[in-house]
Amino acid sequence: DHGTDRRRNALKKFLELNSDYTLFETLPLEASSWGGWGSMIPYMQERIEYLISVLPMLSGLKFLKHRQKVEKDIEIWKARIKEEEIDEIMKSFS
């Protein structure tokens, strides 16, 4: 639940010390809580931006699986944003 810079720095240090994918897979890359008032889309977009910001740390063959996991998470958030946009449009017509 720490700020993105602090989480990014902790992840960088972790990767410097340990490149094991199995352990990486168990790490909570994102804050456990999120949300606020109004549309959730900006909060979802923040998640995407954070995940994109860690991609440069995941270059090279030893981090290939790590990168694929983060890219998959990004795609999941993008899909959630599309679903949220549809929900918001539908609610506006109700």
Side-chain angles (χ1 to χ4, degrees):
D1 291 332
H2 300 286
T4 56
D5 288 336
R6 189 170 182 184
R7 282 187 283 123
R8 195 173 15 258
N9 289 333
L11 179 60
K12 182 178 180 182
K13 187 66 173 173
F14 172 83
L15 293 170
E16 289 170 359
L17 299 171
N18 190 336
S19 63
D20 179 46
Y21 176 74
T22 306
L23 190 54
F24 175 82
E25 197 173 28
T26 66
L27 290 177
L29 295 180
E30 304 171 52
S32 59
S33 63
W34 63 288
W37 299 99
S39 174
M40 293 294 111
I41 293 172
Y43 302 103
M44 294 177 185
Q45 187 60 41
E46 285 177 14
R47 298 272 173 144
I48 292 171
E49 290 167 7
Y50 170 73
L51 291 170
I52 289 171
S53 78
V54 302
L55 287 175
M57 291 182 234
L58 305 173
S59 60
L61 285 177
K62 74 178 181 177
F63 293 121
L64 182 60
K65 283 185 176 181
H66 305 63
R67 185 177 189 90
Q68 289 172 334
K69 179 195 180 314
V70 172
E71 288 173 343
K72 180 181 174 190
D73 291 347
I74 291 168
E75 292 307 313
I76 289 169
W77 280 111
K78 286 180 178 179
R80 288 179 180 170
I81 286 175
K82 287 181 182 177
E83 291 171 10
E84 185 70 15
E85 288 171 336
I86 292 168
D87 285 347
E88 288 180 8
I89 290 169
M90 297 302 288
K91 287 176 185 174
S92 71
F93 289 112
S94 301

Worksheet item: Do Thr26 and Thr22 come close enough that some side-chain heavy atom pair is under 4.5 Å?
Response: no

Worksheet item: Can you hop from Leu27 to Ile76 via hydrophobic side chains spaced under 4.5 Å?
Response: no

Worksheet item: Taking NZ, NE, NH1 and NH2 as the nitrogens, is one of them in Asp87 or Lys91 under 4.0 Å from a carboxylate oxygen of the other?
Response: no

Fill in: Separation of Leu58 CG from Leu51 CG (nearest 0.5 Å)
10.0 Å

Discussion item. Exactly one of Lys12, Arg8, Arg7 should register a side-chain contact (heavy atoms from CB on, under 4.5 Å) with Val54. Which one does?
Written reply: Arg8

Worksheet item: According to the interplanar angle, ranging from 0 to 90°, do the rings of Tyr21 and Phe24 count as parallel (below 30°), tilted (30 to 60°) or perpendicular (above 60°)?
Response: tilted

Discussion item. Rounded at 0.5 Å granularity, tell me how far CE in Met57 sits from CG in Leu55.
Written reply: 9.0 Å

Item to complete: Please say whether more than 12 non-hydrogen atoms of neighbouring residues, nucleotides or ligands are located less than 6.0 Å from NZ in Lys69.
Response: yes

Worksheet item: Is the shortest heavy-atom distance from the side chain of Glu30 to the side chain of Trp77 under 4.5 Å?
Response: yes

Discussion item. I'd like to know if the side chain of Asn9 and the backbone of Asp5 have a donor-acceptor N/O pair within less than 3.5 Å.
Written reply: yes

Worksheet item: Does the side chain of Glu49 come within less than 4.5 Å of Thr4's, by heavy atoms?
Response: no

Practice prompt. State, to 0.1 Å, how close Ser53 and Tyr50 come at their nearest heavy-atom pair, and which atoms those are.
Written response: OG-O, 2.5 Å

Item to complete: Quick one: closest heavy-atom pair of Asp20 and Leu23, and the distance?
Response: OD2-N, 3.2 Å

Item to complete: Measure the spacing between CD of Gln68 and CG of Asp73 and express it to the nearest 0.5 Å.
Response: 12.0 Å

Practice prompt. Supply the atom-to-atom distance Arg67 CZ to Leu61 CG, rounded to the nearest 0.5 angstrom.
Written response: 12.0 Å

Fill in: Atom pair CD/CD1 of Gln45 and Ile52 - distance to nearest 0.5 Å
7.0 Å

Item to complete: Measure the CE-CZ distance between Met40 and Arg47 for me, rounded to the nearest 0.5 Å.
Response: 11.5 Å

Fill in: Considering all heavy atoms, the nearest Ser39-Glu88 contact
OG-OE2, 2.6 Å

